[in-house]
Amino acid sequence: MADEQEPTPENMTMLQGFEWYVPADQKHWVRLEKHVPQLKAWGIDNIWIPPACKASSSHGNGYDIYDLYDLGEFDQKGSVATKWGNKDELMKLCDTAKNNGVGLYFDAVLNHKFAADRKEKCLAVEVDPDDRNEETSDKYEIEAWVGFDFPGRGGKYSKMKYHWYHFSGVDYNAKNDKTAIYKITGDKSQGWAEDGDVDAEKGNYDFLMGSDLDYSHPEVEEDVLAWGKWLAQNIPLTGIRFDAIKHYSEEFLRKFITMLDEKYGQGWFFVGEFWKDSLDDMTRYLDRMGRKFSLFDAPLVYNFSQMSKASGADLRKVFDETLVSVMPVNAVTLVMNHDTQPYQALEAPIEGWFKPLAYALILLRDKGYPCLWYGDLYGIKGEHPFPPSCGGALPKLALARKLFSYGKQVDYFDYATCLGWVRCGTWDRGYGCAVVMSNAGPGEKRMHVGEMHAGEVWTDVLGWSDREVTIGDDGFGVFVCGQTSVSVFVNRDADGVEKFAEKFDDNIYDE
């Protein structure tokens, strides 16, 4: 009896479930929960949710974190709910996601704290902002906002209170109202993390913002490890996105991940924000982490940005010096996020016409774990609003990945401004697809999809090309796209093609 063939695993797709300017109306969990079934139907398997811990105010996105143990449960910093909603609403989102087969990734902000409850006196030394190892003052006493008592929580879940010696640095001295980077010193503080345990940019990039946690202090390590255990046991998650990992102890993060992987969060997915346009630094970090870890492919985002602004850029170089090209299993590919979106600190503009090409390049190829962005799917709010990108085609690209982007990949990268590739399908997902894109004039590629498809008529599921391509007896077809555009051709009689006629509801705000 012949061996039974293993079923082809489904392609997985992640959604970053927020953008920076989501309204601070405390209704985000409710809105997102309502859209989970639709997201699943269009090919989304996991959602990276925004930081759910209590921030410095009810308007804070959570990167200005105050209390790890308050998920919108206690009256602290002006409200019970976070910007995103309260804990009950978060739990309802978790339940709906689980019932629909959608995983949730928690955004863990473990580098720092904000909005201390009181000041404490401590010794510190000023350092050069561009070289944190260079001290620019003598040691002297400052008043720092480093006393965290969490009075609204009253010791529930954790009795830990934070003092000056739990932090390595701050950026404000209340005693003389001076803003600078202060390295905390004293018999209970070791200062910055050891070289090699954080990124070497700026000499030692331990300090990023707020009150910088010192993971060399056993009480800090113990409390945050306990939080990881508490989180895993109380919130039904499938992974964690770690914020700002360049800036805190690699050794601690390895310990945290190992604890979850072995006991509390078995099978979870772990991805870190190591935002740096340096492939060497990223691959070295992954090697040190033991590779049970992924990183967002920052170099790819910068390639997209540069190509979108250039005239007739060589698309064949789009994956040069990217993480997905050298460590695809560890690469989360993306086009934009909350930091690179317009008017944000790491803004990496990508021209609107290029976004469908960029998304096709991450969704319909065989390498990397793609992450769609909420702002491209639902639009951006705030002072500078933007509509959903890709002319409404982004959900269709995600669905094309889920249904047709399987099997051997054959590239037709023979022309600088026009790329094509074929996914040949597998034994149990046999339809495959043919993709052609151009960043200049209309594009055309003669590509081989296989003799088994002879006589079939293939059409563009995006609806942007009206060409009907009849596959010849030799298995070849001539596939086209419009100028500065992309088309995704599939057998018009393939199972699931009818879904592309449906409309994705991008009106998440009911406006």
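The structure displayed is predicted, hence computed values, not measured ones. These values consider heavy atoms only, across backbone and side chains, with no hydrogens, waters or symmetry-generated copies.
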Legend entry - Neighbour count above 12 (heavy atom, 6.0 Å) for K34 NZ: no
Inset, instruction - Please check if the side chain of H217 supplies one atom and the backbone of E219 the other of a donor-acceptor pair under 3.5 Å. - result: yes
Inset, instruction - Return the set of residues passing side-chain hydrogen bond (donor to acceptor under 3.5 Å, both in side chains) with D149 (not counting sequence neighbours), or none when no residue passes. - result: R118
Legend entry - 4.5 Å side-chain heavy-atom contact, L372 and Y359: yes
Legend entry - Residues, nucleotides or ligands: over 12 heavy atoms within 6.0 Å of K229 NZ: no
Inset, instruction - Scan side-chain atoms only and decide if Y248 and D197 contain a donor-acceptor pair under the 3.5 Å cut-off. - result: no
Inset, instruction - Return yes when atom NZ of K92 has more than 12 non-hydrogen atoms of other residues, nucleotides or ligands closer than 6.0 Å, and no otherwise. - result: no
Inset, instruction - Examine the side chains of Y157 and E73 and answer whether a donor and an acceptor come within less than 3.5 Å of each other. - result: yes
Inset, instruction - May I ask you to test the K98-C94 pair for a side-chain heavy-atom distance under 4.5 Å? - result: no
Legend entry - Distance-only side-chain donor-acceptor flag, S216 / D214, under 3.5 Å: yes
Under 3.5 Å, side-chain donor or acceptor atoms of residues 22-29 against the rest of the protein: list the pairs with distances, not counting sequence neighbours.
{"residue": "D25", "atom": "OD1", "partner": "K27", "partner atom": "N", "Å": "3.1"}
{"residue": "D25", "atom": "OD1", "partner": "R31", "partner atom": "NH2", "Å": "3.2"}
{"residue": "D25", "atom": "OD2", "partner": "R31", "partner atom": "NH1", "Å": "2.8"}
{"residue": "H28", "atom": "NE2", "partner": "G17", "partner atom": "O", "Å": "2.8"}

Inset, instruction - Look only at the side chain of H166 and the backbone of G147, and say whether a donor-acceptor pair between them is shorter than 3.5 Å. - result: no
Inset, instruction - Check whether any side-chain heavy atom of S405 sits under 4.5 Å from a side-chain heavy atom of L363, and report yes or no. - result: no
Legend entry - Student check: side-chain heavy atoms of W192 and N133 closer than 4.5 Å: yes
Legend entry - Donor-acceptor side-chain pairing of D117 and Y66 below 3.5 angstrom: yes
Legend entry - Short side-chain donor-acceptor distance under 3.5 Å, D107 and W48: yes
Legend entry - CD/E321: more than 12 non-hydrogen atoms of other groups inside 6.0 Å: no
Legend entry - Near-ring test F269/Y105, centroid separation under 6.0 angstrom: yes
Inset, instruction - Mark yes or no for whether Y369, through its side chain, and S294, through its backbone, hold a donor-acceptor pair below 3.5 Å. - result: no
Legend entry - K202 atom NZ: more than 12 heavy-atom contacts under 6.0 Å: yes
Legend entry - Student check: side-chain heavy atoms of I184 and F167 closer than 4.5 Å: yes
Inset, instruction - Tell me, yes or no, whether the heavy-atom count around K309 atom NZ, taken from other residues, nucleotides or ligands under 6.0 Å, exceeds 12. - result: yes
Inset, instruction - Would you mind checking if K183 and E126 are paired as a salt bridge, meaning a charged N to carboxylate O distance below 4.0 Å? - result: no
Legend entry - Aromatic ring pairing H338/W20, orientation class (parallel under 30°, perpendicular over 60°, tilted between): parallel
Legend entry - side chain to side chain contact (heavy atoms under 4.5 Å, CB included), paired with I65, selected from N111, L110, D243, V109: V109
Inset, instruction - Could you tell me if the ring centre of H112 sits under 6.0 Å from that of Y63? - result: no
Legend entry - Pair K381 + E511: basic N to acidic O under 4.0 Å: yes
Inset, instruction - Answer with yes or no after comparing the ring centroid distance for F207 and H247 against a 6.0 Å cut-off, counting only values under it. - result: no
Legend entry - D70/K54 salt bridge by N-O under 4.0 Å criterion: yes
Legend entry - Test item: W164 side-chain N/O and K119 main-chain N/O as donor-acceptor pair under 3.5 Å: no
Legend entry - salt_bridge(R284, D281) N-O dist < 4.0 Å: yes
Inset, instruction - Please check if any side-chain donor atom of E19 sits under 3.5 Å from a side-chain acceptor atom of Q341, or the reverse. - result: yes
Inset, instruction - For the residue pair Y182 and N173, establish whether any side-chain heavy-atom pair is separated by less than 4.5 Å. - result: yes
Inset, instruction - Find out whether L71 and K87 are in side-chain contact, i.e. whether some heavy atom of one side chain is under 4.5 Å from a heavy atom of the other. - result: yes
Inset, instruction - For E194, look at atom CD and say whether over 12 heavy atoms of other residues, nucleotides or ligands are found less than 6.0 Å away. - result: no
Legend entry - Within-4.5 Å side-chain heavy-atom neighbours: I380 and P385: no
Inset, instruction - Step through it carefully: locate the ring centre of W145, locate the ring centre of Y172, and say whether they are under 6.0 Å apart. - result: no
Inset, instruction - Hey, can you tell me if Y69 and W230 have their rings parallel, tilted or perpendicular (30° and 60° cut-offs)? - result: tilted
Legend entry - Pairwise distance SG(C53) to CG(L231) - rounded to 0.5 angstrom: 7.5 Å
Can you list, pair by pair, the side-chain donor-acceptor contacts under 3.5 Å of residues 256-264, counting residues two or more places apart and other chains?
{"residue": "T258", "atom": "OG1", "partner": "R254", "partner atom": "O", "Å": "2.7"}
{"residue": "D261", "atom": "OD2", "partner": "K292", "partner atom": "NZ", "Å": "2.2"}

Inset, instruction - Please say whether the positively charged group of R429, taken as NZ for Lys or CZ for Arg, lies over the ring of Y406, i.e. under 6.0 angstrom from the six-membered ring centre and within 45 degrees of the axis. - result: yes
Inset, instruction - Check whether more than 12 heavy atoms from other residues, nucleotides or ligands sit under 6.0 Å from atom CD of E201, and answer yes or no. - result: yes
Legend entry - Between D339 and Q344, a side-chain donor and acceptor under 3.5 Å: no
Legend entry - N-O pairing of K113 and D67 below 4.0 Å: no
Inset, instruction - Determine whether the side chains of T333 and D297 contain a donor N or O and an acceptor N or O closer than 3.5 Å. - result: no
